[in-house]
There are 2 protein chains.
Amino acid sequence: MTVTTIERLAEHTDQTVTLRGWVYNRTSKGKLHFVMLRDGTGFVQCVLFKKDVPEELFEAVSRAGQESSIELVGEVKADERAPGGYEIKVTGGRIYQLVEEYPITPKEHGPDFLLSRRHLWLRSRRQWAVLRIRDAVITSIRSFFDERGFVCIDSPVFTPAACEGTSTLFEVDYFGDEKAYLTQSGQLYAEASAMGFGKVYCFGPTFRAEKSKTRRHLTEFWMLEPEVAFADLDDIMQLAEDLVVRIVQDVLRRRRPELEALERNLATLEKIQGGFPRMTYEEASQILLDHPKSEFVAGDDFGAPDETILSALHDQPVMITHYPKAIKAFYMKEDADDPTKVACVDMIAPEGVGEIIGGSQREEDLDKLLASIAAHELPAEEFDWYLDLRRFGSVPHSGFGLGLERVVGWIAGIEHVREASPYPRMMSRIRP
Amino acid sequence: MTVTTIERLAEHTDQTVTLRGWVYNRTSKGKLHFVMLRDGTGFVQCVLFKKDVPEELFEAVSRAGQESSIELVGEVKADERAPGGYEIKVTGGRIYQLVEEYPITPKEHGPDFLLSRRHLWLRSRRQWAVLRIRDAVITSIRSFFDERGFVCIDSPVFTPAACEGTSTLFEVDYFGDEKAYLTQSGQLYAEASAMGFGKVYCFGPTFRAEKSKTRRHLTEFWMLEPEVAFADLDDIMQLAEDLVVRIVQDVLRRRRPELEALERNLATLEKIQGGFPRMTYEEASQILLDHPKSEFVAGDDFGAPDETILSALHDQPVMITHYPKAIKAFYMKEDADDPTKVACVDMIAPEGVGEIIGGSQREEDLDKLLASIAAHELPAEEFDWYLDLRRFGSVPHSGFGLGLERVVGWIAGIEHVREASPYPRMMSRIRP
C-alpha cells in the first residue's frame, strides 16, 4: 500500500493510499464518520462508512477526539467541493493514540493561553499556514543568493561588544572570565567576510533586549544580512528590490493553499512586481509635514505611524533614502552631495507593515569612520579589528538587513510578528 | 566594459573585462608585473607589461603590497599552465587603496596570531577554500530537505531548561526576572514541530559551555536537526546516509578548485557512494576489545581513540546502532528486543574524524518517558510541555543531529574544527 502525504494526493487519484496523521476535526452521523485529517503537509476530508471499514476501526474512530493520531487507508477521489480538491473513501486503518480533551479547541482562546501551548498551537491550520510560508521565505532567500553567487558566511552569536550601542544587549557569563554579548546584527562581521569572499550573506538568529511589547518586536528573531564588495547604494537597493519580488513570487507559487487558509488578499501580493517607488528622506518628510494626521517633527526618524502613512501611498514597498547622519548608525557612508546625510535606504512594506529592510553604503574611509565612531561616543578600541577593513584594501561596499519575521508577517497578512516565529521569545516569555 | 568575476572568466575568453579585487601576491621584473588577483570568487594571474598600461598604473602597482585593493581591465586569455586555466593581459585599471605591511604574510604564523586576526585571515586561500566548502555544505543540506518536502521550523535559542543536563549551559540574564539558557540542541522543539508539520528540520547555532580545548570542540557551532513523524530508526538511518552522500557529491561538483587548493584527497571523497557499513554497539565493542591498541571498557561509550579505530576499518562512514540505554539520552526509544539498549545510531566519519551524526527513534510512550526522566534525575516539570507530545496524538518518530563544522572539517580535510567556522568561538576566544 502506497504511503503518501496529503500534498501529493493529486498523484494518486483513484488509487488506494495510506495516510498518517492527526484528527483535526470529526463529525459523526450514525453510520458515517467524517474525519478532517491533517498530516503536516495539508488537510483532507476522510469519509468512513460503517459498511466499508472494519468494525473495530469504526468504533474506535467514534471515540477519536481532536489530535488523535491515526493511520487511514482509502481511495483518493477527486471532488471539486472538497477543500484541496480531494476526499478519501476510507477502507481501513488503525489508531496510534486516542485523544480526549485536547486543550486547544476550535473556540477562541486568548494569546497568552495559546502562547503557553505553542508546542500544540503549531498544529492549528492558521499557524501551520504561517510557518509553512516562513519556510518558503527562508528557502526563497537562500536560493536567491546562492543562484547569484553569494557565499553564506555566518556571523557569530557571541560578540565582545555592541554594534549599535549597549542598552539592548543580552549579557552572557563566558566561563566566569568575561562577559559575552548576544549579537544584535551580523553586519560588521559580514563586512569582513565580504572583503574575503566578495558577495556574502549571513542569516541567523539575532537578539535585542528591548523592553518593548509592540506587535513588531521579538527578543529573538532571524535576520538576513547580505554584504557586497564594490557595491554602492544603488546596487544594494536593486538587490533588495529583486529579493523582495522573488520572495513574494515564490510564496505565491509554492504556498497558495496556505495563503488561502489565511484568507490573504492575493491581489495585493500579486502587485509586488518591481519598480518600487523611491523617495528621499526630505521628500518623505514633506509628505508627512503636509499630512493632517501626522505628528512628524522635521529631522526626526520616522515612527511607526509615519511609516504607516508613507506605506499607504503605494501598492508596493517604498524605498526611502538619504536620512540625516545624526539619526543613523556610525558606519553609514556620508552622502557625496550633502555631508549632513548618509547613503542609506529603508524599505517600508505596504499595508501599514512598516520597515522590513534597512541598508546603506558603508563608510570606507578610515579617517571619516574614526570621526564617526568618536561622534557616536563609541569605544574605538572595540572596533579596531573592524577598522582594519579600512586599513588593508578598503573598497566601496554596501549591504542591508532584512527581518525575517516582519517579512513573513507582511506576506502572511498577520497582525503580530509573534505568529511568524515558531517559538516566539518576548520580554515576558521564554516558555515553552 | 563588462565587469565580471574570476569564477566566470570562462564565459569571457578573448574578451576585455573588468575585475575588482585584492592583490594576493605580486612579482615584478623590470617592465613586467605579475599580480595574483583574488576577488572572493577565485584567484587569477594578471600580467602588466609596462608598454601596455598607463604609466601611472604601472608605477602604482609597483608599490601595491599584499591586499591592496585594485580594479584591473584586461583581456581574458586561456592558458593551460595558469592556475584556474586563465590569465589576464592587463591594459588598464585603477587603485582603490595601496597597502603596505599587511600583517598576515605568506610565511607561517601560529594559530593564536591568526585567530586574533580572523577578520583578515579569512582572505587566505586556505580559509577561503574551507569556508566556500562550508557554504556549499549548507546549501546542499537545505536543498536536500526542501526537495524532500521537509519544512524548516527553527527551534529557539533561548530556552528555559537544559535538554541533556545543565553543566554545559550558557546562562543569560533575561530582563533581570529569570535566567534563560542558550540552546544545546533544538531537538525537543523539533519533535513538537514534527507533530505539526510531519517532516521538519531546524538548522541554527547551538551552544556548549564545555571546558574542553580539543580539535573537535567549539562553544558555538551550527547543528542540523531533522525530525520525522512516523519514521523509525531504519528510516532515519537511510535519511542520514542519503544526506551525507548528497553533501559529498554536491561539494565534489561545486567546490573542486577549493578541494584542490586544500590538497584534499578526492579519491577518498569519491568513495562516499552509499551503502554505509552498519554494526551494533555490541559488534563494535567486540572489535575494540579484540584490538591490541584499544583501551575500551565494555559497556562504556566510545571515546575519540575508539572512533578512530572503528572508522579506519572502512572507506565510508560507519553507522553504529543500539547503544546501552545507560549511556544515552533520556528521550531515546527502548529497543523492542533488548530493554537494556536504545534504538539509536551514531555515524562515524572515516579518516579518523569521528562522530558527525547522532540520532535515534524517540520514546513515544508517556509512561516509559516519565520513567526515563526519573532515571536520569531530570526535573519532570520542565519537560511537561514535551510530555504533551505523548499525551496528545503520540506517534512513532525519529530524528538526528549533524554537526556542521565537523562535517565541513571532514570534507575539507582539516585538522581542527575552528577553521570550519567563520568566526570560531572557543573557551578562551570571543574576539574578533
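Reminder, nothing fancy here: chain letters follow the sequence lines and each chain counts from 1. Keep in mind that the numbers below use all heavy atoms, side chains included, and drop hydrogens, waters and symmetry copies.
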>> Please determine whether side-chain hydrogen bond (donor to acceptor under 3.5 Å, both in side chains) holds for the pair B:Ser116 and B:Arg429, giving the CA-CA distance in whole Å, both sets of side-chain angles, and the decisive distance to 0.1 Å.
In response: CA-CA 9 Å; B:Ser116 297; B:Arg429 179 165 297 280; 3.2 Å; yes

> Step by step, would you call A:Arg134 with A:Leu131 a side-chain contact (heavy atoms from CB on, under 4.5 Å)?
Replying inline: CA-CA 5 Å; A:Arg134 177 188 165 108; A:Leu131 293 171; 3.8 Å; yes

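Looking at B:Glu71, neither its backbone nor its side chain comes within 4.5 Å of chain A, counting heavy atoms on both sides. Heavy atoms closer than 4.5 Å to chain A are found in the backbone of B:Ala194, but not in its side chain. With a threshold of 4.5 angstrom between heavy atoms, A:Thr139 approaches chain B through side-chain atoms but not through N, CA, C or O. Residue contact with chain B, scored on non-hydrogen atoms closer than 4.5 Å, is absent for A:Ile95. For chain B, the nearby part of A:Gln127 is the backbone; its heavy atoms alone come within less than 4.5 Å. Using a 4.5 Å cut-off between heavy atoms, A:Thr5 does not touch chain B at all. The parts of B:Arg20 that come within reach of chain A are both its backbone and its side chain, each placing non-hydrogen atoms under 4.5 angstrom from that chain. If you measure heavy-atom distances from A:Ala136 to chain B, you find no contacts under 4.5 Å at all. For chain B, the nearby parts of A:Arg425 are the backbone and the side chain; heavy atoms of each come within less than 4.5 Å.
Ranked by heavy-atom pairs shorter than 4.5 Å toward chain B, the options A:Gly21, A:Gly204, A:Gly42 are led by A:Gly21. Considering only heavy-atom pairs separated by less than 4.5 Å from chain B, the leading option among A:Gly198, A:Ser68, A:Ser124, A:Gly196 is A:Gly196. Between chain B and the options A:Trp121, A:Phe230, A:Phe207, the largest number of non-hydrogen pairs under 4.5 Å is found for A:Phe230. Between chain B and the options A:Leu122, A:Asp384, A:Leu182, A:Asp146, the largest number of non-hydrogen pairs under 4.5 Å is found for A:Asp146. Contact count against chain A (heavy-atom pairs under 4.5 Å) is highest for B:Asp154 among B:Asp154, B:Asp39, B:Ile153.
No side-chain donor from either of A:Tyr423 and B:Thr159 sits under 3.5 Å from a side-chain acceptor of the other.
Aromatic rings of A:Phe170 and B:Tyr174 (six-membered ring for Trp) have centroids within the 6.0 Å cut-off, being under it. Checked against the 6.0 Å centroid threshold, A:Tyr96 and A:Trp22 do not count as a close aromatic pair.
A salt bridge is defined here as a Lys NZ or Arg NE, NH1 or NH2 lying under 4.0 Å from an Asp or Glu carboxylate O, and B:Arg142 with A:Asp135 fails to meet this definition. Under the 4.0 Å criterion applied to side-chain N and carboxylate O atoms, A:Glu67 and A:Arg38 are assigned as salt-bridge partners.
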